[in-house]
> 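Before I ask anything, let me first share the structure, which is written out below as structure tokens.
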2 protein chains.
Amino acid sequence: MESQDLRKAGLKVTLPRLKVLEILETSDLRHMSAEDVYKALLEMGEEIGLATVYRVLTQFEGAGLVSRLSIDGGHAVFELEDGSHHDHLFCVRCNRIEEFIDDVIEQRQRDIAAEKGFEMTDHSLYIYGICRHCQKTK
Amino acid sequence: MESQDLRKAGLKVTLPRLKVLEILETSDLRHMSAEDVYKALLEMGEEIGLATVYRVLTQFEGAGLVSRLSIDGGHAVFELEDGSHHDHLFCVRCNRIEEFIDDVIEQRQRDIAAEKGFEMTDHSLYIYGICRHCQKTK
DNA sequence: ATATAAATGAAAAAGCTTCTCATTTACACC
DNA sequence: GGTGTAAATGAGAAGCTTTTTCATTTATAT
């Protein structure tokens, strides 16, 4: 991911944008909130305003560079877009997210949208529960 | 739904609670935000504070009388719990929600949670799109 | 170099939801 | 039927995430 991607998206190549991209690419967290990104930038020594982080992430979303996930009403998290659609398992205890892909479900969703006369634009599936790790460390 | 349900839930039978229940039962809207309920109460001549509406809805949720749906990060909507799990089709144009039940998807979700070692507590599936009606009135 | 449209930072504002705390009310008990 | 007490309520303040405003800075086309 580099300057070219930003130009293609009609976005000027600026330091905040490059740094946000860098954070998203290098963080161990695959899902980051705006706050997470903001803090990571600070740790990196970049004083980029939180408002800018929100703006940049929203623009990246518009450009298809990242996806925004809205976990259960609260705050949003962002993940780098890699072209592969996937759904999420959310651990209600440790808040970690695991991903999965299931073709059966994907197909059923398309069928249901069609049956109901919906022109499907997107979908989101979350399975909430307690992950293997948290079950042990009750 | 009546006083008994409130008592069973360990909640005192108060006017605000009875009225909120009444609104949820009689409104044509199956999904109502706290604000919707609040306004409906006002129209009904009941001056019940918004904070109380939130409190009551949250308690009802805890008591299993209503479910809370969090649509895409924004505000929450509540629906009377009727025991039947269902998923949602959300029209991104008119914000209306349709419901559906699909056993194939339900089963796959259970399987996936099991495969991943998750103890599933809940799940939510939203199909976003443009409903039949909004497609016509573009 | 320079003009200009876009981007940024900081603070304010917005929108939903929860909290605080003084006052009121439901209900168990006498 | 009174009465004490814990619970519920109302009104406003506060909390959180996110967006907006606007003056200043910056990227980029010329």
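Within every chain, numbering begins at 1; the chains are lettered A, B, ... in the order of the sequence lines, protein sequences first and strands thereafter. Since this is a predicted model, take the numbers as computed values, not measurements.
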> How many Å lie between CD on A/Gln4 and P on D/dA27, as a whole number?
16 Å
> Rounded off to whole Å, could you give me the CZ-to-C1' distance for the B/Phe78 and C/dC16 pair?
11 Å
> Other residues, nucleotides and ligands only: do more than 12 of their heavy atoms fall within 6.0 Å of CZ on A/Arg110?
yes
> Looking at A/Tyr54, I'd like to know whether one of its side-chain N or O atoms comes within less than 4.0 Å of OP1 or OP2 on D/dT19.
no
> Would you mind building the protein contact string for nucleotides 2-10 of chain C? One character per nucleotide, 5' to 3', B for base within reach (heavy atoms under 4.0 Å), S for sugar-phosphate only, - for untouched.
---BBSBBB
> Can you pull out how bent the helix from C/dA1-D/dT30 to C/dC30-D/dG1 is, comparing the axes over its first five and last five pairs, to 10°?
30°
> In this structure, how many angstroms lie between the C1' atom of D/dT19 and the CZ atom of A/Arg68, rounded?
11 Å
> Starting from P on D/dC16, measure out to NZ on A/Lys39 and report it in whole angstrom.
11 Å
> To the nearest Å, how far apart are A/Leu18 CG and D/dT26 C1'?
13 Å
> When rounded to the nearest 0.5 angstrom, what distance separates OH in B/Tyr126 from NE2 in A/His123?
14.5 Å
> CG of B/Leu50 versus P of C/dC19: gap in Å, rounded?
14 Å
> Go through the side-chain N and O atoms of A/Arg55 and A/Thr58 and say whether any donor and acceptor fall under 3.5 Å apart.
no
> Measure up the A/Tyr128 and A/Phe90 rings against each other and bin them: parallel (under 30°), tilted (30 to 60°), perpendicular (over 60°).
perpendicular
> Could you work out which one of C/dC27, D/dT28, D/dT18 sits closest to the side chain of A/Arg7?
D/dT28
> What's the separation between atom CG in B/Leu50 and atom CD1 in B/Ile48, rounded to the nearest 0.5 Å?
11.5 Å
> Measure CG/B/Asp36 against P/C/dG15 and give the value in whole Å, please.
16 Å
> Using distance alone, with no hydrogens and no angle criterion, decide if B/Gln107 and B/Asp111 have a side-chain donor and acceptor under 3.5 Å apart.
yes
> What's the CD-P distance between B/Glu35 and C/dT17, to the nearest Å?
9 Å
> Ignoring hydrogens and geometry beyond distance, is a side-chain donor-acceptor pair present between B/Gln135 and B/Arg132 at under 3.5 Å?
no
> Strictly distance-based, threshold 3.5 Å: is any side-chain N or O of B/Ser27 a donor or acceptor partner for the main-chain N or O of B/Ile23?
no
> According to the interplanar angle, ranging from 0 to 90°, do the rings of B/His31 and B/His88 count as parallel (below 30°), tilted (30 to 60°) or perpendicular (above 60°)?
perpendicular
